[in-house]
Enquirer: 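Sharing a structure below in structure tokens format, with a few things to ask.
Computed from a prediction, not measured in an experiment: that's the story for all the values here.
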Amino acid sequence: QLHLAAEILHKMNLMHIEDPTEEEYFKIGEPFERASFISRSLVQIRSFFSYLKIDPTKIVPKRKYKAKEIEEQLSRKLEEYQELIGGKIEEIRSIDEKLRALDEELRLIEPLKLLGIPARLLKGYKTLRCFVGFVKENPVEKLKSITDEFEAIVKEYEKEYVAAVFVKAEYGEEFLRILQECGFREIAVPDIDDYDAGISEIEQKKAELQNRKKALETEIEGIKLKEAETLLAIEEYLSIELEKSELPLKSLVSKYSFVIVGYVPKSNYEYFRSEIESNGEGIVVEVIEDEEREPPTKLKNPTGVRNFEVLTTTFGIPKYNEIDPTVFIAIFFPIFFGMMLGDIGYGILVTAISLYLKRLFKTEGWQRMLNIGVYAGIVSIIFGIIYGECFGPFIVPGDYKPTQVHFIGGILQSLYEFHHGHPIFDRIEEMGVKILLFATIVLGICKILFGFILGFYNVYVEHGLKEAILEKLSWIIGVTGLAMIIFGFANNVGIFYQLGLGENPGNVPPLPLPGLTEGWQEGLNVFYLAALPLLIVWLILFVLGEIPKMGAMGVILAVELLTWFGQIMSYARILAIGLSSVYLAFVVNFIAMKLIDPAGICIPVLGVVILIIGHIGNLILGILDPGLQSLRLHYVEFFTKFFEGGGRLYKPFGRIKRFIEE
């Protein structure tokens with residue numbers, strides 16, 4: 001029945017099976033009898049894959065193979081492939097060994113030829129010792145300390161010396177000791193009469209072997225083109241059979257029964273139970289109430305959002321009852337990236353490069369990452385249209401004409417005629433910088449508060465309302481108080497007025513608060529007044545929640561409120577990174593236009609080179625900086641407010657078949 005259970009479970013591909021723990025009457029099972037044969041066959045097939053460099057992602061199946069068809073022909077096909085492919089691979093490896101041996105012979109003959117002594121004179125003496133080899137230093141002077149009755153031929157060879165030393169046999173051991181001190185490495189003298197003839201013969205043998213190797217590789221490539229799909233079908237079949245054969249290792253078995261424990265999605269449970277009990281005679285499905293185990297997490301996201309799961313799981317896998325932050329990073333990551341890069345030209349290049357790489361890298365991980373690149377590039381184009389930037393700005397502070405600061409400045413100016421030749425929103429103009437700075441800070445406040453709200457929900461689900469109020473609501477109130485202080489400062493310095501969102505603070509009469517000087521009264525406003533009760537409520541909730549648990553450490557943790565202020569201001573990096581890219585592009589364009597302009601220093605070729613290299617470098621930085629900073633704003637400033645991770649991904653027993661019929 002365990003065989004039958006393996007077939008049904010693998011076909012349904014629904015049950016996430018847990019690793020079992022042995023009990024008194026149940027032991028962990030042993031693999032089915034065929035597991036060993038299947039494992040060996042799979043290793044054999046995968047070795048062919050490795051050599052042939054077959055990429056399954058690049059092969060679209062033209063037909064589906066029946067499992068029974070492969071099973072009937074498996075042994076014959078394995079023998080056939082061993083003969084067709086394995087034999088040729090072994091012959092190629094043998095040829096490679098022979099080529100290495102011939103190269104070694106050549107490596108030894110060349111220094112011997114330099115000595116100018118025939119090979120037959122370098123060995124075979126009875127009364128003489130002949131030492132032939134490489135040395136690190138010239139040994140002649142050291143050898144003279146033993147006797148002058150010797151002959152030595154020493155030649156420089158590459159970064160050392162090649163030497164032939166002849167001496168009476170009675171001095172042999174002493175000469176060997178001196179030579180070893182000089183780093184002596186012996187050369188095995190070959191049995192050849194003529195060095196040039198030997199080299200020619202070796203080169204001829206190498207050419208013959210290389211031609212044979214090339215012919216074998218051509219034959220193997222032909223087999224690869226013809227048999228790749230069948231090989232993939234066999235590999236898929238063997239992988240499936242191995243998984244099923246090893247199911248007992250995840251089962252508890254006794255003499256008459258077996259138990260498999262795992263998780264099934266609630267929405268599929270009724271279908272799962274009916275299929276098992278109707279097709280598996282004697283197999284019963286029961287629901288176990290177990291609150292101690294943490295269920296695996298099945299991520300459910302729409303197709304476009306699913307690409308961003310790779311960014312979420314890099315940080316951590318959501319727990320079963322935890323909010324999956326993938327949808328939030330899917331929304332905000334491209335927006336942050338686009339706000340920072342914000343350039344039509346760079347956005348088009350990012351999109352085009354991502355689409356091109358999608359054709360080269362077919363694995364699921366790469367496809368998802370490159371899809372993110374496409375989304376980020378498109379959003380960058382949109383913000384580029386808003387900012388009026390295409391490989392840099394065409395309008396900059398000063399009396400410069402667009403044609404002086406941009407190689408297509410005139411074209412860009414004409415495209416924005418609908419807006420009087422100016423960008424829709426100029427982020428490098430003074431007011432634009434202020435607006436964007438204020439917008440990023442407000443965005444940071446909203447994002448951090450939203451993170452704490454999500455954290456409130458997570459804590460409420462896991463620990464109850466009281467813990468949620470003390471752990472998360474306290475920080476929601478505290479950060480709101482900080483936001484009021486920031487808004488109060490913004491009001492006093494006239495940011496609201498400059499943005500058209502409020503009155504001129506200089507015309508606002510001081511608040512009639514007793515006991516305060518006129519200067520203090522001028523500084524107070526409705527935002528500061530709103531901050532005070534919020535911070536008091538935060539402090540009360542913080543004391544109730546943290547002091548009992550942390551003691552004196554809780555008091556120190558109160559300083560953490562200031563870190564939230566830093567994290568709010570951290571969102572200003574969206575402006576800073578964006579402006580750095582803009583000004584770098586402007587500098588590249590400005591220098592290039594000065595070199596190309598006939599009225600200035602006319603070196604057009606150098607100007608074009610600077611233009612190309614400068615924008616390539618800025619593009620690389622424009623991909624890395626916004627990408628990393630967008631991730632940081634999510635991982636550090638957002639995820640830490642509500643997302644713990646530490647879950648397990650739902651991995652059902654089974655697989656989606658590409659080459660085998662269901």
Enquirer: Is Y571 close to V442 at the side-chain level, that is, under 4.5 Å between some pair of heavy atoms?
Expert: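 A side-chain contact under 4.5 Å is absent here.
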Enquirer: Evaluate F653 against H16 for ring-ring contact (aromatic ring centres under 6.0 Å, His included), listing each step before the verdict.
Expert: CA-CA 6 Å; F653 178 70; H16 176 101; over 10 Å; no
Enquirer: Give a yes or no answer on whether the side chain of N307 reaches the backbone of M369 with a donor-acceptor pair at less than 3.5 Å.
Expert: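 Answer holds: no.
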Enquirer: Taking it one step at a time, do F337 and I372 satisfy side-chain contact (heavy atoms from CB on, under 4.5 Å)?
Expert: CA-CA 11 Å; F337 188 98; I372 294 172; over 6 Å; no
Enquirer: Can you tell me how far apart CZ (F639) and CG (L631) are? Round to the nearest 0.5 Å.
Expert: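 Answer for the CZ-CG pair, F639 versus L631, is 9.0 Å.
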Enquirer: Output yes when E243 and R655 qualify as a salt bridge under the 4.0 Å nitrogen-oxygen rule, no when they do not.
Expert: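 Yes, charged N to carboxylate O under 4.0 Å.
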Enquirer: Output the distance between atom CD1 (I382) and atom CD1 (I378), rounded to the nearest 0.5 Å.
Expert: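 That separation rounds to 7.5 Å.
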Enquirer: Drop me the distance from L415's CG to I408's CD1, to the nearest 0.5 angstrom.
Expert: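 Nearest 0.5 Å value for the CG-CD1 distance: 8.0 Å.
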Enquirer: Can you check whether K300's main-chain N or O pairs, donor with acceptor, with D324's side chain at less than 3.5 Å?
Expert: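 A pair under 3.5 Å: no.
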Enquirer: Starting from the C-alpha separation in whole Å, work towards a yes-or-no answer on ring-ring contact (aromatic ring centres under 6.0 Å, His included) for F590 and Y400.
Expert: CA-CA 10 Å; F590 187 76; Y400 298 107; 5.4 Å; yes
Enquirer: When F328 is tested against each of F333, F450, F643 for ring pair (Phe, Tyr, Trp, His ring centres under 6.0 Å), which residue passes?
Expert: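 For F328, the ring pair (Phe, Tyr, Trp, His ring centres under 6.0 Å) test succeeds with only one of F333, F450, F643, which is F450.
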Enquirer: Check this for me, if you would: do E637 and K447 make a salt bridge, where the nitrogen-to-carboxylate-oxygen distance has to be below 4.0 angstrom?
Expert: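 Salt bridge flag = no for K447 with E637.
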Enquirer: With a 3.5 Å cut-off and no angle check, do the side chains of K362 and Q367 form a donor-acceptor pair?
Expert: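 Note: K362 and Q367 side chains miss the donor-acceptor criterion.
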Enquirer: Given side chains that start at C-beta, do those of N371 and W366 come closer than 4.5 Å, heavy atoms only?
Expert: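 Counting from C-beta outward, N371 and W366 never come under 4.5 Å.
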Enquirer: Between E236 and R658, does at least one N-O distance fall below 4.0 Å, as a salt bridge requires?
Expert: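 Not counted as a salt bridge, because no side-chain N and carboxylate O are separated by less than 4.0 Å.
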Enquirer: Are K319 and E294 close enough, and set up right, to give a salt bridge (charged side-chain N to carboxylate O under 4.0 Å, His left out), and what steps lead you there?
Expert: CA-CA 8 Å; K319 294 178 182 176; E294 179 78 20; over 6 Å; no
Enquirer: Between the side chain of Q413 and the main-chain N/O of H422, is any donor-acceptor distance below 3.5 Å?
Expert: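 Pair absent, no side-chain N/O of Q413 close to backbone of H422.
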Enquirer: Before you tell me yes or no, could you show the steps for I476 and L473 under side-chain contact (heavy atoms from CB on, under 4.5 Å), namely the whole-Å CA-CA distance, both residues' side-chain angles and the distance that decides it to 0.1 Å?
Expert: CA-CA 5 Å; I476 293 173; L473 183 61; 4.3 Å; yes
Enquirer: Would you please name every residue forming a side chain to side chain contact (heavy atoms under 4.5 Å, CB included) with R293, sequence neighbours left out?
Expert: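 Testing R293 for side chain to side chain contact (heavy atoms under 4.5 Å, CB included), a comparison that skips the adjacent residues, returns E18, Y263, D290.
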Enquirer: Please check this pair: side chain of N589 against backbone of F586, looking for a donor-acceptor N/O pair closer than 3.5 Å.
Expert: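 Checked: no pair found.
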Enquirer: Check ring-ring contact (aromatic ring centres under 6.0 Å, His included) between F425 and all other residues, then give those that pass, not counting sequence neighbours.
Expert: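 F425: no ring-ring contact (aromatic ring centres under 6.0 Å, His included) contacts found.
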Enquirer: Take R427 and E389, measure what salt bridge (charged side-chain N to carboxylate O under 4.0 Å, His left out) needs, and give me the verdict at the end.
Expert: CA-CA 10 Å; R427 63 169 164 173; E389 296 172 16; 2.9 Å; yes
Enquirer: Will you find, in the side chains of N321 and E462, an N or O donor that is under 3.5 Å from an N or O acceptor?
Expert: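 N321 vs E462: no donor-acceptor pair found between side chains.
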Enquirer: Give a yes or no on whether the ring-centroid distance for F394 and Y416 is below 6.0 angstrom.
Expert: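 F394 vs Y416: aromatic centres under 6.0 Å.
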Enquirer: Which value, rounded to the nearest 0.5 Å, describes the distance between T440 atom OG1 and F336 atom CZ?
Expert: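 It comes to 9.5 Å.
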